Amino acid sequence: MEKLRLGVNIDHVATLRNARGGATPDPVRAAMLAEQAGADGITAHLREDRRHIRDADIGAIMEATSIPLNFEMAATDEMQAIALSHMPHAACIVPEKREERTTEGGLEVAGDQNRLGHFIGPLADAGIRVSLFIAADPAQIEAAARIGAPVIEIHSGAYTDFDSEGDVAARDAELARIVEGVKLGHDLGLEVHVGHGLNYDTVAPIAALPEVRELNIGHFLMGEAFFVGLDAAIAGMRARMDAARA
């Protein structure tokens, strides 16, 4: 079975830096350490309000690492221009609201097909791998395929939230939705990724799905790194992913 890739999101290193001001902790250093620890890619979300990753971080991460950068971005002219100027390996289009603490749901593709189809065109033409961050909703998955997005990333936040709340029935129902969404995306010819909120307790059922090609995990790994170090946190996640895949 093909190796499951792990993308490490380093946003919250920048969140901590920005809370105090100054230059530390440095998200570029976190990206370098993640690469050394075996990450297959780095994910960074440049938000409109620059609450964590800043513009200068993007170029610095790309210069300091040799693994792909997955540039998370809203579907705005500003972010499209930034992506085209830096040319990251991938651009993941996400919904964005200034008032949210973190990305709360998937992108509305089915109701915005024309605009999003035109938006992703220049990115794809430039050779950037485009993905859409969406819920495990058949209507959204089918719309992503219709507008020509080669990759989808299915939002796993509700699944992990239900697990942490101890709501087993809701967790299992959400997991079943993800399983069906992954299969549908694969059947439609899309490359399927999953991300948001995954941790040591919730990663195995997702990693075991053979159609899933990549997981993007950040907040949990950064939190675990406070206690065991980033290399050990990533190694622990990789071990669980590989065991589930096997």
Side-chain angles (χ1 to χ4, degrees), residues 1-11 31 34-35 37-45 65-73 83 88-94 103 106-107 109 120 123-124 127-138 140-160 174-200 202-221 234-246:
M1 190 180 297
E2 188 171 356
K3 178 188 175 184
L4 178 60
R5 300 191 300 266
L6 172 61
V8 174
N9 187 314
I10 48 85
D11 286 352
E35 179 178 16
D40 299 295
I42 300 298
T43 294
H45 183 178
T65 59
S66 59
I67 54 178
L69 174 67
N70 178 36
F71 180 54
E72 288 191 344
M73 54 182 276
H89 169 75
C92 183
I93 314 304
V94 303
T103 306
L107 193 67
V109 184
I120 68 175
L123 300 171
I128 299 171
R129 186 196 72 190
V130 176
S131 63
L132 302 180
F133 186 71
I134 58 176
D137 177 349
Q140 304 300 334
I141 296 167
E142 291 166 357
R146 279 195 297 272
I147 69 171
V151 182
I152 57 170
E153 181 170 334
I154 291 181
H155 189 313
S156 52
Y159 159 64
T160 55
E174 188 63 25
L175 177 60
R177 289 183 67 226
I178 292 173
V179 170
E180 290 302 313
V182 166
K183 185 177 186 304
L184 175 60
H186 181 264
D187 289 347
L188 290 172
L190 301 170
E191 181 174 318
V192 182
H193 304 173
V194 179
H196 200 83
L198 293 171
N199 56 45
Y200 287 162
T202 57
V203 72
I206 304 297
L209 301 174
E211 301 91 349
V212 176
R213 297 282 299 279
E214 180 175 304
L215 302 181
N216 284 295
I217 305 174
H219 185 267
F220 172 79
L221 290 175
I234 291 173
M237 186 61 73
R238 169 63 71 192
R240 287 163 174 80
M241 289 168 56
D242 290 348
R245 200 66 155 185

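Just so we're clear, the structure is a prediction, and the values are computed from it rather than from any experiment.
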First locate atom CD of Glu214, then atom NZ of Lys3, and finally report the distance between them rounded to the nearest 0.5 Å. 11.0 Å
Give a yes or no answer on whether the side chain of Arg245 reaches the backbone of Arg240 with a donor-acceptor pair at less than 3.5 Å. no
Heavy atoms only: give me the nearest Ala244-Ala204 pair and the separation to one decimal. CB-O, 3.4 Å
Are the charged groups of Glu174 and Arg177 less than 4.0 angstrom apart, N to O? yes
Got a donor-acceptor contact below 3.5 angstrom from the Glu211 side chain to the Val192 backbone? no
I need the minimum non-hydrogen distance between Pro88 and Leu69, along with the two atoms involved. CB-O, 3.7 Å
Show the numbers, then the answer: is there a side-chain contact (heavy atoms from CB on, under 4.5 Å) between His219 and Asn9? CA-CA 7 Å; His219 185 267; Asn9 187 314; over 6 Å; no
Supply the atom-to-atom distance Ile141 CD1 to Ile152 CD1, rounded to the nearest 0.5 angstrom. 4.5 Å
Do we see a donor-acceptor contact under 3.5 Å between the side chains of Asn70 and Thr43? yes
Between Val94 and Leu107, which heavy-atom pair has the shortest distance, and what is it? C-CD1, 3.8 Å
Quick one: sort the His155 and Phe133 rings into parallel, tilted or perpendicular, breaks at 30° and 60°. tilted
Any chance you could measure Leu188, atom CG, to Lys183, atom NZ, to the nearest 0.5 Å? 10.0 Å
If I compare all heavy atoms of Leu123 with all of Ala83, which pair ends up nearest, and what's the gap? CD2-CB, 3.9 Å
Any chance you could measure Tyr159, atom OH, to Ile206, atom CD1, to the nearest 0.5 Å? 5.0 Å
Give a yes or no on whether the backbone of His45 and the side-chain of Asp11 come within a donor-acceptor separation of less than 3.5 Å. yes
Identify the heavy atoms of Ile234 and Ala39 that sit nearest to each other, and give their distance. CG2-N, 4.5 Å
Let me confirm one number: the CD1-CD distance from Ile154 to Gln140, rounded to the nearest 0.5 Å. 11.5 Å
For the CG atom of Leu6 and the CG atom of Leu198, what is their distance to the nearest 0.5 Å? 10.0 Å
Derivation of the side-chain contact (heavy atoms from CB on, under 4.5 Å) call for Glu153 and His196: CA-CA 9 Å; Glu153 181 170 334; His196 200 83; 5.9 Å; no
When every non-hydrogen atom of Ile134 is compared with those of Ala144, the smallest separation belongs to CD1-CB, 4.4 Å
